[in-house]
Amino acid sequence: MTTLRAFTCDDLFRFNNINLDPLTETYGIPFYLQYLAHWPEYFIVAEAPGGELMGYSECRVLMLSMFTVMGKAEGSVAREEWHGHVTALSVAPEFRRLGLAAKLMELLEEISEKKGGFFVDLFVRVSNQVAVNMYKQLGYSVYRTVLEYYSASSGEPDEDAYDMRKALSRDTEKKSVIPLPHPVRPEDIE
């Protein structure tokens, strides 16, 4: 049975098996602590029966253990841009295809609804078609392409990202998910 619980600082030392995935963006401990301090309601852990972490996602909402989600709430209410943002979502290979990522995303969306968000957004590598297809199945659509969003290593070119969005109930006209007609650069993102 999977257990959902509040994220603790000790969990930072328990998720290396998840972060070793080459498609997972990793951050320094201060970054995770900042999320825990500023958006604790978005910092949740999912733990396997044996206590091992299955994955995580940062969305100024974070879930750890079996899987986690980390995220935050950001944007402007006046401009109808207040939203939940998925900073990271990662599930350990041995716990994939069990619906854990979908459950974490659902939880993040519920928190974002309660916070009065207009939408939830996330960035994903254009080449990560498994993730892109999963997000589409969860109701997300490509809002825009962000050129050279992900830094490459070992001399390879930087990689583009999709900014994917899902409108929440507050966005009754679904304005937040109308795709932009042209790509943008990272410095153009607010």
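What you are looking at is a predicted structure, and each value in this text was computed from that prediction instead of being measured.
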Query raised in the report: For Leu89 and Ala101, which heavy atoms make the closest approach, and how far apart are they?
Result: CD2-CB, 3.9 Å
Query raised in the report: Any idea which heavy atoms bring Pro186 and Glu148 closest together, and the distance?
Result: CG-O, 3.8 Å
**Report entry** Straight-line distance of His83 NE2 to Ser176 OG, nearest 0.5 Å
**Finding:** 9.5 Å
Requested in this report: List for me each residue that meets ring-ring contact (aromatic ring centres under 6.0 Å, His included) alongside Tyr162, sequence neighbours excluded, and say none if there are none.
Outcome: none
Query - Nearest-0.5 Å distance, CZ of residue Phe123 to CG of residue Asn128 - result: 15.0 Å
Report summary line: CE (Met105) and NZ (Lys166) are apart, to the nearest 0.5 Å, by 7.5 Å
Report task. Only pairs at least two apart or in different chains count here, so list each salt bridge (charged side-chain N to carboxylate O under 4.0 Å, His left out) that has a residue in residues 28-38. Result -> none
**Report entry** Pairwise distance OH(Tyr149) to CD1(Ile189) - rounded to 0.5 angstrom
**Finding:** 6.0 Å
Report summary line: Hits for salt bridge (charged side-chain N to carboxylate O under 4.0 Å, His left out) against Glu106, two or more places apart or cross-chain, chain-then-number order -> Lys103
Query raised in the report: Is there a donor-acceptor pair under 3.5 Å between the side chain of Asp171 and the backbone N or O of Phe119?
Result: no
**Report entry** By salt bridge (charged side-chain N to carboxylate O under 4.0 Å, His left out) - contacts of Lys114 (at least two apart)
**Finding:** none
Report task. Would you please name every residue forming a salt bridge (charged side-chain N to carboxylate O under 4.0 Å, His left out) with Glu187, sequence neighbours left out? Result -> Arg185
**Report entry** Residue list, salt bridge (charged side-chain N to carboxylate O under 4.0 Å, His left out) with Glu159, at least two apart or on another chain
**Finding:** Arg125
Requested in this report: Determine, step by step, whether Met164 and Val124 satisfy the side-chain contact (heavy atoms from CB on, under 4.5 Å) criterion, reporting the C-alpha distance in whole Å, the side-chain angles of both residues, the deciding distance to 0.1 Å, and the verdict.
Outcome: CA-CA 8 Å; Met164 298 186 75; Val124 62; 3.7 Å; yes
Requested in this report: Begin with the C-alpha distance, continue with both residues' side-chain angles, and end with the deciding distance and a verdict on side-chain contact (heavy atoms from CB on, under 4.5 Å) for Val86 and Val120.
Outcome: CA-CA 7 Å; Val86 179; Val120 172; 3.9 Å; yes
Query raised in the report: Which residue, Asp121, Asp163, Ile178, forms the side chain to side chain contact (heavy atoms under 4.5 Å, CB included) with Tyr143?
Result: Asp163
Query raised in the report: Should Lys175 and Phe118 count as side-chain neighbours, where that means a heavy-atom distance under 4.5 Å?
Result: no
Requested in this report: Using side-chain hydrogen bond (donor to acceptor under 3.5 Å, both in side chains) as the criterion, list what pairs up with Gln34, not counting sequence neighbours.
Outcome: none
Report summary line: side-chain hydrogen bond (donor to acceptor under 3.5 Å, both in side chains) filter on Ser151, not counting sequence neighbours, yields none
**Report entry** Any residue meeting side-chain contact (heavy atoms from CB on, under 4.5 Å) with Pro183, in chain and number order, not counting sequence neighbours
**Finding:** Thr145, Leu147
**Report entry** Donor-acceptor contact present, side-chain Arg144 to main-chain Leu180, <3.5 Å
**Finding:** no
Tabulate below the donor-acceptor pairs under 3.5 Å that side-chain atoms of residues 129-142 make, not counting sequence neighbours, or state none.
from   : atom 1 : to     : atom 2 : distance (Å)
Gln129 : NE2    : Val126 : O      : 2.9
Asn133 : ND2    : Gln129 : O      : 3.1
Tyr140 : OH     : Glu109 : OE2    : 2.7

**Report entry** Pairing residues for Lys174 by the side-chain contact (heavy atoms from CB on, under 4.5 Å) criterion, not counting sequence neighbours
**Finding:** Ala167, Val177
